[in-house]
*Asks:* 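Mind looking over this structure? Questions follow.
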Amino acid sequence: MLTSKQRAYLRALANKLEPVVIIGKGDIDEDVIKQVDDALEARELIKIKVLDTNSSDAKEACRIISRETHSEGVQVIGNKFVLYREREN
C-alpha cells in the first residue's frame with residue numbers, strides 16, 4: 001500500500017504521461033486486462049483513458065483493473081486514471 005507521500009510523488013510524475021491504453025465503451029475484458037498488464041510490465045506507472053466521459057466509469061474501471069493486475073490506483077481525474085505496480089526484480 002502506498003503512503004500519501006508516495007502517492008503524491010507518483011501523481012506528480014503522472015502529469016507528464018500520455019495514456020498508453022485507451023478503453024472503449026463497454027465491459028473490461030481479458031484483452032484490456034492483458035494490455036494493461038503488458039504496459040505495467042514495461043513501465044511501473046501508466047495512464048489509462050476511458051472513452052466514456054463519465055468519471056464514475058473511470059473510477060470503476062480503475063478499481064477493476066487494479067484488482068485484476070495487482071496494481072494500485074494512484075489517481076482518477078475525469079476520464080483518465082493512473083496505475084502503479086512495482087516491478088519485481
*Asks:* Going from CG on D38 to CD1 on I33, what distance comes out if it is rounded to the nearest 0.5 angstrom?
*Replies:*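 Those atoms lie 11.5 Å apart.
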*Asks:* What do the steps show when you test V74 against L2 for side-chain contact (heavy atoms from CB on, under 4.5 Å), and what is the final call?
*Replies:* CA-CA 9 Å; V74 173; L2 296 171; 4.2 Å; yes
*Asks:* If two hydrophobic side chains count as joined below 4.5 Å and joins carry through other members, does V32 share a cluster with I48?
*Replies:*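 Yes, it is one cluster - the side chains of V32 and I48 are joined through contacts under 4.5 Å.
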*Asks:* Which distance, rounded to the nearest 0.5 Å, do you find between the CZ of F81 and the OG of S66?
*Replies:*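 Those atoms lie 8.0 Å apart.
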*Asks:* With sequence neighbours left out, what residues match K80 under side chain to side chain contact (heavy atoms under 4.5 Å, CB included)?
*Replies:*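 Residues passing side chain to side chain contact (heavy atoms under 4.5 Å, CB included) with K80: P19, K47, K49.
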*Asks:* Indicate yes or no: does E41 engage R87 in a salt bridge with an N to O separation below 4.0 Å.
*Replies:* no
*Asks:* Once you round to the nearest 0.5 Å, how far does OG1 of T3 lie from OH of Y9?
*Replies:* 12.5 Å
*Asks:* Roughly how far, to the nearest 0.5 Å, is the CG atom of N15 from the CD1 atom of I77?
*Replies:*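 Output value for this atom pair is 7.0 Å.
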*Asks:* L17 vs I46, test: side-chain contact (heavy atoms from CB on, under 4.5 Å). Steps then yes/no.
*Replies:* CA-CA 7 Å; L17 296 178; I46 63 169; 5.6 Å; no
*Asks:* Hey, what do you get for CD (Q6) to CE (M1), rounding to the nearest 0.5 Å?
*Replies:* 11.0 Å
*Asks:* Do other residues, nucleotides or ligands put more than 12 heavy atoms under 6.0 Å from the CD atom of E86?
*Replies:*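 Not more than 12 within 6.0 Å, no.
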*Asks:* Identify the heavy atoms of A39 and V21 that sit nearest to each other, and give their distance.
*Replies:*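 What the structure gives for the nearest pair is CB-CG2, 4.4 Å.
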*Asks:* V20 and V82: same hydrophobic cluster, using ILVMFWY side-chain contacts below 4.5 Å?
*Replies:* no
*Asks:* Minimum heavy-atom separation for L45 to A14, with atom names?
*Replies:*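 The pair with the smallest heavy-atom distance is CD2-N, 4.0 Å.
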*Asks:* So which atom in A58 and which in V50 form the shortest heavy-atom distance, rounded to 0.1 Å?
*Replies:* CA-CG2, 4.0 Å
*Asks:* Measure from the side-chain N and O atoms of R85 to the backbone N and O of T69, and report whether any donor-acceptor pair falls under 3.5 Å.
*Replies:* yes
*Asks:* Determine which pairs satisfy salt bridge (Lys or Arg N to Asp or Glu O under 4.0 Å) with at least one residue from residues 62-79, sequence neighbours left out, and list them in order.
*Replies:*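 Only R7-E72, E60-R63 qualify under salt bridge (Lys or Arg N to Asp or Glu O under 4.0 Å).
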*Asks:* What distance separates L40 CG from I65 CD1, expressed to the nearest 0.5 Å?
*Replies:*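 One gets 9.5 Å once the value is rounded to the nearest 0.5 Å.
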